[in-house]
There are 2 protein chains.
Amino acid sequence: MITSGSMTLAARPTEATSVAHDRVYRDLRSRIMHGDLPPGQALTLRGIGKNYGVSMTPARESVRRLAAEGALTMSTSGRISTPELSNERIEELAALRALIEVELASRALPRAHMALIERMQTINAVIAEAVQRGDAVSYIRTNLEFHRTLYLRAQAPAMLAMAETVWLQMGPTMRALYGRLRRTEPPQFHRLIIAALKAGDEPGLRLAVRSDVTQGLRMLAS
Amino acid sequence: MITSGSMTLAARPTEATSVAHDRVYRDLRSRIMHGDLPPGQALTLRGIGKNYGVSMTPARESVRRLAAEGALTMSTSGRISTPELSNERIEELAALRALIEVELASRALPRAHMALIERMQTINAVIAEAVQRGDAVSYIRTNLEFHRTLYLRAQAPAMLAMAETVWLQMGPTMRALYGRLRRTEPPQFHRLIIAALKAGDEPGLRLAVRSDVTQGLRMLAS
DNA sequence: TGGACCCACTTGTGATCACAACAGCCCCCA
DNA sequence: TGGGGGCTGTTGTGATCACAAGTGGGTCCA
């Protein structure tokens, strides 16, 4: 059983849906995306229901929805668990991140004003703190917030949704990767992204984003 | 009730799941992707259940899963319908198709042997027949089969799944578009795709695929 | 001591029911 | 004749139950 913690995900104004299955879905999704759960973690409908104080029905709908997004896998007998990704799958998802996020960054560039860049610098400082604390969950969450802050400016909701789906699938594995490679410094390419944004340098931005989303992969391969 | 047709989707050995919600899901998904349902078509859980001879529970799970993939939308009060896409959304989805499918085609190119190209030519002939009959559903289905046949060679299941998710979201709208623009000849860019495959011309292939997936859009804009 | 079998329990699936909310429709009155 | 209010039927939500299938462990025999 995982402690729900103070999830304070930035800027989600419309929160109170009050619909049970949606509340369960959102919380589980956030936990999975941010690496709260390790790869291969088993879950049960009755367990989820008891955790959220609901019956099996909303738990089942949440799980079904998350499974459709690739955030959970279901064995042939229906057992639920977080995915354990093969190396090929990880590489493919990283390639997808590169494809989609480079495009999102490129579309966001003309709209990236100074206030946005400053916000990204602030987030980057929070990432540095998380790295120093060795806090994997906080690092992953803040890192994704850095990217999402930029991509929201692209005004491309379908593309952003695709990118988030990839993040969701990689969540548990990202946590495991983080624990393995033991970062000691904040991501270097974030500086390049910010510099390219300030300079209005589109090719440089594309390269920086591509490098950033595939950097962890190179460390894994070694 | 729509005839399942001879989908002969290459290599789907494990078909009979016999699980009710999965059977409903697959049939609904196929119908939506291939344009059997117009945009804005309303659906009800009890109606779906009656159609497939099941209770509301499997119907609800199928709908929830399809909604998660963007194949269905749910109003704030929970009403279910196929999506009605804005022009901006259509353009965005076409851009996503271009991004992902160009990459898939590029990855498939080194593995595209003559047998595959011949199969694609056969499919292309079927497309021509569907166009002459003015059969929108058959045209959409065969056209997607043409693309999927190529992309399966890319050995990139996550990317292919993303591409299919986009197809799914565009399904109902594709049907409406087809009815509006009244094709009289088979897609010209399919020839270019096949020619580029034969020549091993990677830049040419990328351009042909990009042109093919965005051609309908240009007609819409006029 | 090692392995195979068996049983009990856990777990997902599907059906059914009660309920609240919304939609559409009709009627009535100005 | 037009618009507002109320009502009925429809629809999604969540809980509960019966059931089948698979898992895991414990026991018994060789």
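Residue numbering restarts at 1 for every chain, and letters A, B, ... go by the order of the sequence lines.
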Name of the residue among B:T214, B:D212, B:V209 meeting side chain to side chain contact (heavy atoms under 4.5 Å, CB included) with B:F189:
B:D212
Expressed in angstrom and rounded to an integer, what is the separation of [X] atom [atom1] from [N] atom [atom2]?
| X | N | atom1 | atom2 | answer |
| --- | --- | --- | --- | --- |
| A:M56 | C:dT10 | CE | P | 14 Å |
| A:E61 | D:dG14 | CD | C1' | 9 Å |
| B:R46 | D:dG9 | CZ | C1' | 11 Å |
| B:M74 | C:dC22 | CE | P | 14 Å |
| A:L72 | C:dG12 | CG | C1' | 14 Å |
| A:I48 | C:dG12 | CD1 | P | 8 Å |
| B:H21 | C:dG14 | NE2 | P | 5 Å |
| B:R23 | C:dT13 | CZ | C1' | 13 Å |

For the side chain of [X], counting heavy atoms from C-beta on, which of [options] is nearest?
| X | options | answer |
| --- | --- | --- |
| B:V54 | D:dG12, C:dA15, D:dG14 | C:dA15 |
| A:L45 | D:dA15, C:dT13, C:dT16 | C:dT13 |
| B:S77 | C:dG14, C:dT11, C:dC22 | C:dC22 |
| A:V19 | D:dG12, D:dG14, C:dG14 | D:dG14 |
| B:T44 | D:dT11, D:dG14, D:dA18 | D:dT11 |

Can you find a donor-acceptor N/O pair under 3.5 angstrom joining the side chain of [X] to the base of [N]?
| X | N | answer |
| --- | --- | --- |
| B:R60 | D:dG14 | yes |
| A:R79 | C:dG12 | no |
| A:T57 | D:dA15 | yes |

Shortest non-hydrogen contact from B:S106 to B:P110?
O-CD, 3.4 Å
Considering non-hydrogen atoms only, spot the tightest contact between B:T73 and B:P83 and give its length.
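In terms of heavy atoms, the two residues are closest at CG2-CB, 3.6 Å.
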May I ask you to say whether A:D22 pairs ionically with A:R65, meaning some side-chain N is under 4.0 Å from a carboxylate O?
yes
With a 4.0 Å limit, can you tell me whether B:R64 has a side-chain N or O closer than that to the phosphate oxygens OP1/OP2 of D:dG12?
no
Do A:E61 and A:Y25 have side-chain N/O donor and acceptor atoms under 3.5 Å apart?
no
